[in-house]
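Just so we're on the same page: letters track the sequence lines, and every chain starts at 1.
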Amino acid sequence: MLIATWNLNSVRARLERLLAWLEEWRPDIVCLQEVKTPEANFPFAEIEKSGYHAAVFGQKGYHGVAILSRSEPQEISRGMADGVDDGQARLIAASIDGVRVMCAYAPNGGTPDSDKYLHKIAWFDRLLRHLRATENLAGPFLLCGDLNIAPEQRDVAHPERWQGTVLYNEHMSEIFGRLLACGLHDLGRNHLPAGTFSWWDYRLLSFPRNDGLRIDHLLASPALTGRCLEVFVDREQRKGKSPSDHAPVLARFS
DNA sequence: ATGGTTGCTTAGCAA
């Protein structure tokens, strides 16, 4: 079983690339972030033609998440259902082939002194409550997505330059640690060598310089962690004509 | 210190 997470940065701007990539890897489940479209404009037909179901939580212009799967998704839930509505589509979950899969796009956080950063912190507080309240972390569970946190020094190409940013600082590492304290395992930490990244800024020739961060994650419950055979980043998808600024992260399970 | 690049939507924001 192959499961992937990919911040596409617009599903419509990168549909041809996505379809070719689905054909290349035929993953069983794909968590997409930043689809940047409401459900009404989501390319369901093209994706279904490729043999995939799509569960979508969309929004006009910004954010938006989706789960693609070869088997039909069950028990789809959108958002956190905690009475808070920040108007941002960042979370969708579904049960597929006996695995509970949650696809998340965490707030970026803007700058450390901004309201956006406070919103990021509050969002993770809500996510942790939501996880504990609604999901069975004792079963096969996977939290995938762009969490906008590089948890450790090994996840940052130039820690001295990134230290203190919204993507890499002690508070963010502590929040990431609280996710792990729920009993989840960071599959990338277990299977990827230090210095493996998933995102490179569009600016400053970041990718050619490999000035990247590992901010896209697959966090698995113990039931799944033991079945993880390998994790890899498909860097080819950061190359070529109009790539996303993120590369897909894939995990293979027995 | 600043700048640099995308996508969505059409000037400016978010990343």
Side-chain angles (χ1 to χ4, degrees), chain A residues 5-21 31-44 46-47 56-66 79 85-92 103-124 127 144-151 155-158 160-169 171-172 175-176 197-217 233-249:
Chain A
T5 181
W6 192 6
N7 181 325
L8 251 196
N9 186 18
S10 172
V11 68
R12 285 178 295 161
R14 250 165 288 289
L15 183 58
E16 292 312 311
R17 184 183 277 267
L18 171 65
L19 296 176
W21 180 81
C31 292
L32 298 176
Q33 299 88 39
E34 283 205 88
V35 297
K36 290 190 171 180
T37 176
E39 259 185 89
N41 294 332
F42 192 88
F44 285 104
E46 294 88 339
I47 283 168
V56 180
F57 187 27
Q59 178 183 338
K60 187 180 178 181
Y62 300 106
H63 321 311
V65 285
D85 183 12
D86 59 8
Q88 303 185 356
R90 295 185 176 277
L91 198 73
I92 188 169
C103 172
Y105 173 50
N108 170 284
T111 55
D113 59 351
S114 67
D115 287 344
K116 289 199 186 72
Y117 187 58
L118 298 177
H119 174 251
K120 182 181 192 177
I121 292 166
W123 187 88
F124 274 108
L127 177 66
C144 297
D146 176 3
L147 300 184
N148 269 316
I149 296 177
D155 303 314
V156 185
H158 300 284
E160 72 288 347
R161 276 202 278 111
W162 283 94
Q163 178 59 244
T165 65
V166 294
L167 301 179
Y168 177 58
N169 65 60
H171 194 176
M172 290 299 113
I175 286 172
F176 194 85
F197 311 125
S198 64
W199 171 81
W200 301 260
D201 199 296
Y202 279 128
R203 297 165 288 186
L204 303 167
L205 299 169
S206 300
F207 186 66
R209 297 185 211 270
N210 197 29
D211 181 7
L213 277 72
R214 187 174 72 95
I215 58 176
D216 299 273
H217 301 285
V233 175
D234 183 9
R235 290 175 58 101
E236 294 306 308
Q237 289 305 326
R238 187 58 178 80
K239 304 175 184 173
K241 186 171 179 289
S242 46
S244 168
D245 45 353
H246 297 251
V249 186

Taking 4.0 angstrom as the limit, do A:Arg203 and A:Asp201 come out as a salt bridge?
-> yes

Just by distance, with hydrogens left out, do A:Lys36 and A:Asn9 show a side-chain donor and acceptor under 3.5 Å apart?
-> yes

So, A:Trp199 versus A:Asn7: side-chain donor-acceptor pair below 3.5 Å or not?
-> no

[N] [atom2] sits how many Å from [X] [atom1], rounded?
X        : N      : atom1 : atom2 : result
A:Gln59  : B:dA15 : CD    : C1'   : 14 Å
A:Asp245 : B:dG7  : CG    : P     : 9 Å
A:Gln33  : B:dA15 : CD    : P     : 14 Å
A:His119 : B:dA14 : NE2   : C1'   : 13 Å
A:Asp146 : B:dA15 : CG    : P     : 10 Å
A:Asp115 : B:dC13 : CG    : P     : 15 Å
A:His63  : B:dT6  : NE2   : C1'   : 16 Å
A:Lys241 : B:dT6  : NZ    : P     : 11 Å

For the side chain of [X], counting heavy atoms from C-beta on, which of [options] is nearest?
X        : options               : answer
A:Lys116 : B:dG7, B:dG4, B:dA14  : B:dA14
A:Arg14  : B:dC8, B:dT6, B:dG3   : B:dT6
A:Tyr202 : B:dA15, B:dT6, B:dC13 : B:dT6
A:Ala13  : B:dC8, B:dC13, B:dT6  : B:dC8
A:Tyr62  : B:dA15, B:dG3, B:dC13 : B:dC13

Think A:Ser10 has a side-chain N or O under 4.0 angstrom from the OP1 or OP2 of B:dC8?
-> yes

Map A:Gly110 and A:Asn9 onto DNA chain B by nearest heavy atom, then report which one ends up closer to the 5' terminus.
-> A:Asn9

On DNA chain B, more 5' by nearest nucleotide between A:Gly61 and A:Glu34 is A:Gly61

Using 30° and 60° as the class limits, which term best fits the ring planes of A:Phe44 and A:Phe42: parallel, tilted or perpendicular?
-> tilted

Between B:dT10 and B:dA14, how far apart are the C1' atoms? Round to whole Å, please.
-> 15 Å

Can you tell me how far C1' in B:dA15 sits from the matching atom in B:dG4, rounded to whole Å?
-> 13 Å

What's the spacing between A:Trp200 CH2 and A:Asn210 CG if we round to 0.5 Å?
-> 6.5 Å

Within the structure shown, what part of the strands sits under 4.0 Å from A:Tyr105 by heavy-atom distance: base, sugar-phosphate, or nothing?
-> sugar-phosphate

Base, sugar-phosphate, or nothing: which does A:Arg90 touch, judged by heavy atoms less than 4.0 Å apart?
-> sugar-phosphate

